[in-house]
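Have a look at the structure below before the remarks.
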Amino acid sequence: MVVVVHLVTLPVELDASFGKALPVLERGGYIPAADMPEARQVLRAAALTYVAAALVSLLDIARLIRIGR
């Protein structure tokens with residue numbers, strides 16, 4: 001169930017970062033244009049934490065299956 005939650009949360013996080021936050025940062029002038037590539041990298045890293053969490057959950061499931069044998 002944990003893996004499913006992470007997989008459902010990932011598209012929501014990607015949309016929040018790239019569909020909403022990034023345009024606000026660009027239009028609002030909160031970040032200079034020269035710094036936008038770095039802002040994209042930070043938002044991508046934040047979204048990838050959900051991928052990492054899903055992978056860790058899968059490893060935990062595999063470990064539990066292995067212990068149960």
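Sequence positions, counted from 1, serve as the residue numbers for this chain. Atom set for the values below is all heavy atoms of this structure, side chains included, hydrogens, waters and symmetry mates excluded.
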Is [X] linked to [Y] within one hydrophobic cluster, defined over Ile, Leu, Val, Met, Phe, Trp and Tyr using a side-chain heavy-atom separation of less than 4.5 Å?
X	Y	value
Val51	Leu43	yes
Leu48	Val42	no
Val24	Leu14	yes

Testing the basics here: between [X] and [Y], what is the closest heavy-atom pair and its distance to 0.1 Å?
X	Y	value
Ala47	Glu13	CA-CG, 3.7 Å
Leu10	Tyr50	CD1-CB, 4.0 Å
Pro37	Ala33	CD-O, 3.9 Å

Could you tell me which residues satisfy side chain to side chain contact (heavy atoms under 4.5 Å, CB included) with [X], sequence neighbours excluded, listed by chain and number?
X	result
Thr49	none
Ile65	Ile61, Arg69
Ile31	Leu25, Asp35, Met36, Ala39

Side chain to side chain donor-acceptor pair (under 3.5 Å) partners of residues 21-32, not counting sequence neighbours, each pair once =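 Residue pairs with at least one partner in residues 21-32: Glu26-Arg40.
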
Any salt bridge (Lys or Arg N to Asp or Glu O under 4.0 Å) involving residues 1-10? Give me the pairs, sequence neighbours left out, ordered by first then second residue.
->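 Every pair satisfying salt bridge (Lys or Arg N to Asp or Glu O under 4.0 Å) with a residue in residues 1-10: there are none.
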
So which residues get pulled into Val4's cluster when ILVMFWY side chains under 4.5 Å apart are joined, directly or through others?
->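 Listed partners: Val8.
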
With Arg44, which residues qualify under salt bridge (charged side-chain N to carboxylate O under 4.0 Å, His left out), at least two apart?
->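 Arg44 satisfies salt bridge (charged side-chain N to carboxylate O under 4.0 Å, His left out) with no residue once adjacent residues are dropped.
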
Rounded distance (nearest 0.5 Å) linking atom CG of Asp60 with atom CD1 of Ile67 =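 Asp60 atom CG to Ile67 atom CD1 measures 9.5 Å (nearest 0.5 Å).
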
Set of side-chain hydrogen bond (donor to acceptor under 3.5 Å, both in side chains) partners for Ser57, sequence neighbours left out = none

Could you pull out all residues at least two apart from Asp15 that satisfy side-chain hydrogen bond (donor to acceptor under 3.5 Å, both in side chains)?
-> Lys20

